[in-house]
Amino acid sequence: MAPDIYLLKTGMVEETLFYRALAQELGVPFTLFPRLSRHSRYPESILAGLAPLQSATGFLMAPSGEILTRLLRARTMIHRQVVVTTPTRLRQEVMRTKHRSIAYHGANALCDRSADLSIRDGLSRRHVAGLAVLSGLFAFWSVAAPATTLAVLAAALSPLFFAAVVLRLATILLDNPVAPARAVRREADSALPIYTIIAPLYRERRIATRLVAALSQIDYPAAKLDIKFVLEADDEETPAALAAIAMPGCIDVIVAPPGHPRTKPRALNIALPLARGSYTVIYDAEDVPDADQLRMAVAGFAAAPPDTACLQARLTIDNTDDTWLTRLFTIEYAALFDVFNPGLAEIGSPVALGGTSNHFRTDVLRTIHGWDAWNVTEDADIGIRLARFGYRVRDLPSSTLEEAPLTLRAWMNQRTRWMKGFMQTSISHSRAPWKTMSQLGPWRWLAAMVLTYGTVMSALAFPIFTGLFVYVWAGTPPVSRHGSLLHAWSGTLFVMGMAAMFLPACAALKRRRLWRLLPWVLLLPLYYGLVSMAAWRSIWEAMREPFRWNKTHHGFAKTSRSGLLQKHHASAADTTLLKTSAP
């Protein structure tokens with residue numbers, strides 16, 4: 001580790017003071033207000049610490065590491081038209097100068113290279129025509145023969161639902177404890193690679209300082225952390241909150257240029273070219289990861305086969321006791337991240353990733369062109385895309401605390417976005433079904449269909465098929481062989497569906513030792529009824545505002561450790577702000 005990087009990352013020396021002294025040592029000017037030529041490049045100028053000035057013959061430098069060492073050794077050969085600035089000011093000026101191309105790249109890098117993998121252009125005319133014909137036929141037969149239409153629809157969808165049920169039940173049989181079975185060997189700090197953390201923030205005044213505190217508690221050498229906070233240009237409250245606290249030297253604050261769509265994956269795409277780490281992890285504003293999570297991820301990648309592109313950590317709800325909704329959300333997340341996803345990873349299935357705490361090999365992220373900026377559930381999409389490119393996802397038995405929405409309105413807006421994104425993901429990966437099947441193979445293709453179409457269709461059909469079951473079983477006993485078959489099949493699907501709902505939840509509560517939530521499991525059918533409402537609502541939103549990102553506000557937890565930590569640091573930030581503004 002170069003001495004200058006260590007001094008700056010650990011906060012032992014302030015950045016402006018260091019580079020001002022460097023300019024004096026080299027005998028060249030120092031500036032905090034540079035103006036760059038339009039020929040500067042993104043991200044190359046930032047990564048190299050060198051960019052052409054607006055004047056044709058000068059260069060702006062912010063050297064570090066080995067380059068800085070070489071400059072000090074050859075200081076007598078330095079051209080006098082070189083100007084020194086800080087890395088922060090160099091980055092800001094490059095991003096100001098190249099803001100149009102940066103905004104375009106963040107939105108369209110994937111679409112321009114592989115249009116069939118992005119949802120930007122929506123459905124093709126062929127798909128629209130096919131859907132129109134099917135919708136027309138369905139509407140006609142629904143009026144002409146509603147009972148037959150419903151029976152045919154149930155028969156057509158039942159294989160997909162049956163596969164989803166079998167997959168969910170199979171994952172219960174696999175042992176994936178919350179904590180690793182064996183202690184992870186602690187590597188020496190010198191042996192650890194640089195690790196990039198990207199955290200997109202938008203209007204997070206209530207929780208931004210808590211995130212800084214949470215990341216500061218990570219057990220990883222600060223000199224090897226490359227943390228990127230990505231803010232939006234019209235966000236004034238988050239920069240103000242961050243300015244009120246002492247920021248660690250390993251955190252860079254990047255302001256994304258204005259552009260469309262205004263989504264989290266677009267912000268991630270803007271930061272990805274600047275990632276210096278061998279590995280990159282995504283955290284949300286409210287996250288509190290286990291202190292040893294990065295070390296566990298490094299060990300996990302070292303032990304995993306080369307085709308392992310991502311390790312998904314366990315997301316767990318921390319404000320469980322706030323409301324009835326957060327209790328049910330806790331059960332859902334426990335079933336998903338402690339049972340279902342680890343099971344999928346173990347059997348080699350594609351995995352619809354969580355939106356946070358997914359650890360990637362940085363070079364693989366660049367190979368697959370980052371995230372789809374137009375997909376509002378970018379995590380599920382990139383999980384399926386990794387599988388199509390021949391990569392695998394594995395489980396990381398390390399927890400990250402998350403904050404669940406407290407109110408039904410906030411929950412509904414969030415879930416509507418998620419379901420809309422799953423619809424977008426379904427479309428993106430079914431434009432060329434034979435190509436997708438050849439890339440995944442038959443059984444992984446079926447698993448991908450279950451995770452995408454299965455998620456959407458089961459949510460949409462849940463109240464319909466529940467009503468059908470009640471109608472079939474509450475009516476008169478069947479008198480024909482066809483009626484008996486329908487009777488038996490509907491009963492089998494209903495029982496298996498309920499088992500797939502309840503059993504993973506119970507297994508998850510056992511693994512998390514959350515037996516106090518067991519009575520709330522009985523309310524899961526009601527909860528999934530709300531999920532169905534969100535799915536139907538997402539269809540309307542997908543037609544009107546397909547790329548709208550429903551913002552989930554954080555920092556309102558009442559019962560969690562995260563909430564208490566947030567209140568403590570918010571109070572500290574307010575005290576600091578009062579002190580700095582006092583006459």
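Computed from a predicted model, the values in this text were never measured in an experiment.
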Open item on the list: Do Leu242 and Thr238 make a side-chain contact, defined as non-hydrogen atoms from C-beta onward lying under 4.5 Å apart?
Closed with: yes
TODO: Test side chain to side chain donor-acceptor pair (under 3.5 Å) on Thr263 and Glu378 and set out the steps.
DONE: CA-CA 9 Å; Thr263 60; Glu378 80 294 336; over 6 Å; no
Open item on the list: Do Thr400 and Val288 have side chains that approach each other closer than 4.5 Å (heavy atoms only, starting at C-beta)?
Closed with: no
TODO: Compare all side-chain heavy atoms of Pro342 with those of Arg314 and state whether any distance is below 4.5 angstrom.
DONE: yes
TODO: Would you please classify the geometry between the Phe360 ring and the Trp371 ring as parallel, tilted or perpendicular, with 30° and 60° separating the classes?
DONE: perpendicular
- [ ] Fit a plane to each ring of Phe547 and Trp374, take the angle between them on a 0 to 90° scale, and name the class: parallel (under 30°), tilted (30 to 60°) or perpendicular (over 60°).
- [x] perpendicular
Task: Heavy-atom pair of closest approach, residues Gly354 and Leu315 - done: CA-CD1, 4.5 Å
Task: side chain to side chain donor-acceptor pair (under 3.5 Å) assessment of Ser399 paired with Arg512 - done: CA-CA 11 Å; Ser399 296; Arg512 282 281 168 188; 2.8 Å; yes
Task: Leu225 side, atom CG; Arg276 side, atom CZ - distance, nearest 0.5 Å - done: 14.0 Å
Open item on the list: I need the minimum non-hydrogen distance between Ala267 and Glu232, along with the two atoms involved.
Closed with: CB-OE2, 4.2 Å
Task: Spacing of CG belonging to Asp338 relative to OG1 belonging to Thr316, to within rounding of 0.5 Å - done: 6.5 Å
Task: Charged N-O contact under 4.0 Å between Arg186 and Asp292 - done: no
Open item on the list: Can you confirm whether Arg444 sits close enough to Gln439 that some side-chain heavy atom of one is under 4.5 Å from a side-chain heavy atom of the other?
Closed with: no
Open item on the list: Can you give me the closest heavy-atom contact between Thr326 and Ala404, atom names plus distance?
Closed with: CG2-CB, 4.0 Å
TODO: State, to 0.1 Å, how close Pro248 and Val212 come at their nearest heavy-atom pair, and which atoms those are.
DONE: CD-CG1, 3.8 Å
Open item on the list: Are the side chains of Val364 and Tyr391 in contact, using a 4.5 Å heavy-atom criterion?
Closed with: yes
TODO: List the atom of Gln424, the atom of Pro546, and the distance in Å for their closest heavy-atom pair.
DONE: NE2-O, 2.8 Å
Open item on the list: Does atom CZ (Phe502) have a neighbourhood of more than 12 heavy atoms from anything else shown, all under 6.0 Å?
Closed with: yes
- [ ] Please step through side chain to side chain donor-acceptor pair (under 3.5 Å) for the pair Tyr202 and Arg262, ending with a clear verdict.
- [x] CA-CA 10 Å; Tyr202 183 60; Arg262 176 71 67 81; 3.2 Å; yes
- [ ] Nearest 0.5 Å please: distance from the CG atom of Asp381 over to the OG atom of Ser118.
- [x] 8.0 Å
Task: Heavy-atom side-chain contact between Leu406 and Asn319 under 4.5 Å - done: yes
- [ ] With Val281 as reference, evaluate Ile198, Ile197, Thr196 under the side-chain contact (heavy atoms from CB on, under 4.5 Å) test and give the passing residue.
- [x] Ile197
Open item on the list: Does Phe556, at its CZ atom, have more than 12 non-hydrogen atoms belonging to other residues, nucleotides or ligands within less than 6.0 Å?
Closed with: yes
Task: Presence of salt bridge, Arg415 and Glu332, under 4.0 angstrom - done: yes
Open item on the list: Could you walk me through whether Asp322 and Thr559 satisfy the side chain to side chain donor-acceptor pair (under 3.5 Å) test, starting with their C-alpha distance in whole Å, then the side-chain angles of each, then the deciding distance to 0.1 Å, before giving a yes or no?
Closed with: CA-CA 6 Å; Asp322 280 5; Thr559 62; 2.7 Å; yes
Task: Pairwise distance CG(Leu509) to OG1(Thr330) - rounded to 0.5 angstrom - done: 9.5 Å
Open item on the list: By the definition ring pair (Phe, Tyr, Trp, His ring centres under 6.0 Å), identify the one residue from Phe329, Trp411, Tyr333 that meets it with Tyr527.
Closed with: Trp411
Open item on the list: If you define the side chain from C-beta out and look only at heavy atoms, does anything of Asp321 sit under 4.5 Å from Lys558?
Closed with: no
Open item on the list: Strictly below 4.0 Å, N to O, side chains only: are Lys228 and Asp252 in salt-bridge contact?
Closed with: yes
Task: Sidechain N-carboxylate O distance under 4.0 Å for Glu204, Arg210 - done: no
Task: For Glu187 against Arg295, the heavy-atom pair lying closest together - done: O-NH1, 3.0 Å
- [ ] Salt-bridge test for Arg120 and Asp372: reply yes if a basic N is under 4.0 Å from a carboxylate O, no otherwise.
- [x] no
- [ ] Give a yes or no on whether Trp434 atom CH2 has more than 12 heavy-atom contacts from other residues, nucleotides or ligands under 6.0 Å away.
- [x] no
